[in-house]
Amino acid sequence: MKILIVSPLFPPSASVAIVRISSLAHALLKEGHELTIIRNEYDDESILLLKNDPELINLKTYKVKMNQSVRFPEASKRYKNTFREVMNTDNYDLVFITAGPFYTIPLCEIAKKEYNTKCIIDYRDLWIFDMRNKLDFFKPISLAKKLVYFPIEKKSIKHADLVVTVTDSWRQILRKVYSRDKFEVIANGYDDEQLTKLSYTQSSYPYSENFVITAFGKLSYYSRDYGVKFFKAMKILSEKYPNLLILHIGLPEKETEEAINISRFDRKKYINTGFIKYTEGVQLLKSSNVNVIIDVRKGAMGTKFYDYVFVNKPLIYLGKKNTQLECLVNGFENGFTCFNEDDVIDAFTKIRDKELSSLTNNENMQQYSRSEQNKRYLELINKLFI
């Protein structure tokens with residue numbers, strides 16, 4: 001099968017957004033499918049960072065010039081021009097569109113109406129109905145944008161043969177709004193194909209003298225307010241445990257910098273690695289003492305949750321009540337759900353005093369792997385052609 005993947009963020013991009021589509025692309029190639037890619041054009045720095053996936057980097061690729069200053073209408077126009085150019089040069093059985101960014105999803109209508117080609121939209125995140133904060137969601141300027149973009153999303157979903165998202169909560173939202181049945185859930189997972197090959201020695205860990213609380217990827221990005229709660233708790237705990245260290249694996253965040261400043265946490269006890277390769281990040285994560293995830297989205301499921309499950313260390317969730325993450329973290333023996341500073345202090349103290357070292361004793365963790373999710377994805381794709 002010839003498949004055209006439209007994914008603005010794709011290897012060699014340094015974004016965490018490439019993990020889901022990269023894993024699926026490898027699975028499709030193993031099944032013998034022929035892949036062509038349309039993606040953003042990247043600078044040399046990104047290419048240097050991620051030259052370690054030649055199978056995907058060397059695929060036939062069309063690049064679209066893009067940067068943060070390009071607005072939705074222009075970005076969508078550029079992708080439409082490139083998309084028609086590619087579709088006019090070859091016949092494809094399937095168009096696969098990742099979202100977000102969301103300026104690519106109008107291509108689904110073009111695929112169906114102009115080329116009569118099957119199309120899948122894969123939502124890593126919600127677009128119009130992504131509600132992280134009610135006040136921000138209902139701001140006049142935010143509502144005005146949603147009114148403009150809503151018809152675009154509605155039309156795109158109408159023409160899709162299949163729409164996939166990562167949580168059942170998000171699927172229910174899309175079903176309710178768009179009154180259609182063609183929504184499926186394919187969860188994220190840890191990349192078992194990469195991680196099971198890791199050879200790691202404790203001696204290479206640079207923070208062995210510290211008691212390390214680690215965040216992988218986003219830390220305060222989804223909520224500066226909860227980031228402040230976290231660092232205020234850490235400030236109190238660091239007075240009792242002087243060797244406490246916060247290790248943030250991933251790109252720097254202005255929200256985290258603000259949270260540190262507001263909380264007056266000792267900046268010397270916070271380390272940000274910047275972007276590093278996925279496997280290197282997990283190697284660091286594997287030697288941490290405690291992992292933390294901060295999120296306030298009700299139905300969201302960040303990809304890093306599955307990496308926390310893989311490394312199997314005690315996990316602290318800090319955020320709102322009644323979210324999908326709260327429910328999942330609560331399901332593990334040493335998963336702690338916290339909603340304020342005192343909860344974080346209590347959870348950390350329990351982990352430290354009882355010398356807890358694992359998230360769970362359950363040995364059946366393969367269900368959280370990407371290979372299991374990719375099997376389900378391949379089944380759904382094959383069904384489209386029966």
Quick one: list whatever passes ring pair (Phe, Tyr, Trp, His ring centres under 6.0 Å) with Y190, sequence neighbours left out. F310
Can you list, pair by pair, the side-chain donor-acceptor contacts under 3.5 Å of residues 171-179, counting residues two or more places apart and other chains?
{"from": "R171", "atom 1": "NE", "to": "D168", "atom 2": "OD1", "distance (Å)": "3.1"}
{"from": "R171", "atom 1": "NH2", "to": "D168", "atom 2": "OD1", "distance (Å)": "2.5"}
{"from": "Y178", "atom 1": "OH", "to": "E153", "atom 2": "OE1", "distance (Å)": "2.4"}

Which pairs count as ring-ring contact (aromatic ring centres under 6.0 Å, His included) when at least one residue sits in residues 339-381, sequence neighbours excluded? F96-Y377, F211-F348, Y241-F348
May I ask you to check if [X] and [Y] form a cation-pi contact, with NZ or CZ under 6.0 angstrom from the six-membered ring centre and within 45° of the axis?
| X | Y | answer |
| --- | --- | --- |
| K235 | F265 | no |
| R297 | Y222 | yes |
| K146 | F150 | no |

Decide if the gap between the ring center of F216 and the ring center of Y308 is smaller than 6.0 angstrom. no
Under 6.0 Å between the ring centres of W127 and Y149? yes
Just wondering, are more than 12 heavy atoms of other shown residues or ligands nearer than 6.0 Å to CZ in R71? no
Within the supplied structure, the quantity of interest is the number of heavy atoms (other residues, nucleotides, ligands) at a distance under 6.0 Å from N116 CG; does it exceed 12? no
Residues which pass salt bridge (Lys or Arg N to Asp or Glu O under 4.0 Å) with K375, listed by chain and number, not counting sequence neighbours: E372
How far does CG of N382 sit from CE of M1, to the nearest 0.5 angstrom? 6.0 Å
Show which residues join I262 in its hydrophobic cluster (side-chain heavy-atom contacts under 4.5 Å, direct or indirect), or state none. V228
So which residues get pulled into I386's cluster when ILVMFWY side chains under 4.5 Å apart are joined, directly or through others? none
